[in-house]
Amino acid sequence: MAPSDLELVDRARGGDPEAFRELVVRHQRRVYAVALGIVKDRDLAWDVSQEAFLRVHQHLGEFRDESSFSTWIHRITARVAIDVLRKERPSRRSDLADVPETVLQEAAPGVLATALGTDPQETVLRRELSGCLTDALRQLPDVHRTILVLREMDGLSYEELAERLGIPRGTVMSRLFHARKKMQALLTRYAGIDAPGSGERS
Amino acid sequence: MKCAGAAPLLGSRPGELDPVEDALLSAHLSTCDGCRARQADQEAVARVLEDGLLLEAARRDFTGFADGVLARIPASAWRGAAPTGPMERLREFLRRHRILAVASALAPALAALALYLYIGQTTGPGPSELAIEVTSEDLAAVVLETSDGPVILVGEGSDGT
Amino acid sequence: MRSEWTAAWVAVLLLASAPAGAADAPLPVRIRLLQGSRQGTPGLPPGLEDLRGQLSTTAYVRWEQAGEVQATMVPRKPVSVALPDGGAVAVTLVESRAGAATFEVSAPASRTQSRVTVAPGKRIVQQVTAERGGSAWFVTIKAGG
């Protein structure tokens, strides 16, 4: 009954405002999620999201049917968000070429995964952590937060991340590891999961 | 391969590692409990991240978002059929009033009688049919079309209930 | 303003008259009563997983199922779903054809009436009470069981 994204894109290209409105309504929340992950601030994420849809509209003619519309929108959103972030904060040099040995000397790896369990739908803890997620995300440095969101929300590959961020593939990989470790430390602290002797300080 | 070398390889997707990296990582993981556990942690963080952001998005009230986007697109950008036949004119009329219906959710004091109508278009051949009609007395109704089906919400009434 | 609305409503009724030859086959229908809340631990019980996409478009983060009715519906015979704090929602099958089923949902508690046509397999999610204390009641209707 409901038209597909591609049908709506066709109609919107043909000048149908209702088709475009429908596209906005369908994708607004995921777009906002991507934006929020990168810019942290809710009001800013709202503005970024609206700006992203404006750009989507401007570039509708360039969308090729081979890729998914959802992926395309996300990429545009991430670009807008990163641009906004760069304007707000001047970029700092990355200081993570390799993963230092000390990061790995924490005790009890696997604590978070075990606590969360393998069935993602069932655990109360997972829901609680999701609730504190944005607070935890906010405490990450911009470079870590950005690369995490691009990887996990936009699904970018190592190659795409390297190209997008202008860093070598090796740096992408170690930066992701480092970002997830920091995130994990924040989440385990929020959840009060016992991780004795953790060597990670965010 | 030591743990510090294996660490950046954790969380890779199929095809992202070259054959050498792949082999070294597999060999290391087969003997290192710590790195297997770290890998599980990395995956857990990834899942929570997506969940958490989508949850925030689900919490947020998106009333006015689409209106805000469309308001910033100049009317001249909309090419295509100007209202011609009676069906087109009715659709145009109702489209304006849908904006009113959404706006009245924000200003309940102004909504005496809110009538919200949505005209969907069947994709098959033949004349378009009315897909959804909603009448709401004193409350603004909003219809969201998703790929699984419609979601119909009602807003606040003028008496604040 | 009011006369404009009346005219539009009348016009819509004329457009919405059922086409000739509509079949009136009995239809298995599954109706669930749900409560959505802004507060409380966010989550979706496993039984409502199929609704995740639609429910996540709302501002409610915590969902519970409070009732379910499975019925074989025939046109013009309403099925009543009782709301926990009194009142009821009436769901009526208006017509069912091969590619589409039309339902009328009457929810006096939210002073709303709707008529929705969906393809089999799609689900209608409709709010049936106005939000109070951060919660609201919904029904979800799926034709074809």
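Because the structure is a prediction, the values reported are computed rather than measured. Letters go in sequence order (proteins before strands), and every chain restarts at 1.
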For this session: Could you tell me which non-hydrogen atom of B/Arg60 sits nearest to which non-hydrogen atom of C/Ala59, and how far apart they are?
Result: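 Scanning both residues, the minimum pair turns out to be O-CB, 4.5 Å.
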Exercise. Atom CG of B/Asp148 and atom CZ of C/Arg123: how far apart are they, to the nearest 0.5 Å?
Worked result: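 So the CG of B/Asp148 and the CZ of C/Arg123 are separated by 5.0 Å.
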Exercise. From B/Arg59 CZ over to C/Gln39 CD, what is the distance, rounded to the nearest 0.5 angstrom?
Worked result: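 It is 10.5 Å, given to the nearest 0.5 Å.
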For this session: Below 4.5 Å from any heavy atom of chain B, which atoms of C/Thr102 appear? Answer side chain, backbone, both or neither.
Result: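 Contact with chain B: none, neither part.
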For this session: Evaluate the criterion side chain to side chain contact (heavy atoms under 4.5 Å, CB included) for residue pair B/Leu153 and C/Phe138; output intermediate values, then yes/no.
Result: CA-CA 9 Å; B/Leu153 305 172; C/Phe138 286 73; 3.5 Å; yes
Problem set entry | Criterion side-chain contact (heavy atoms from CB on, under 4.5 Å) against B/Ile152, the qualifying member of C/Val128, C/Val116, C/Val125 |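 Only match with B/Ile152 under side-chain contact (heavy atoms from CB on, under 4.5 Å): C/Val116.
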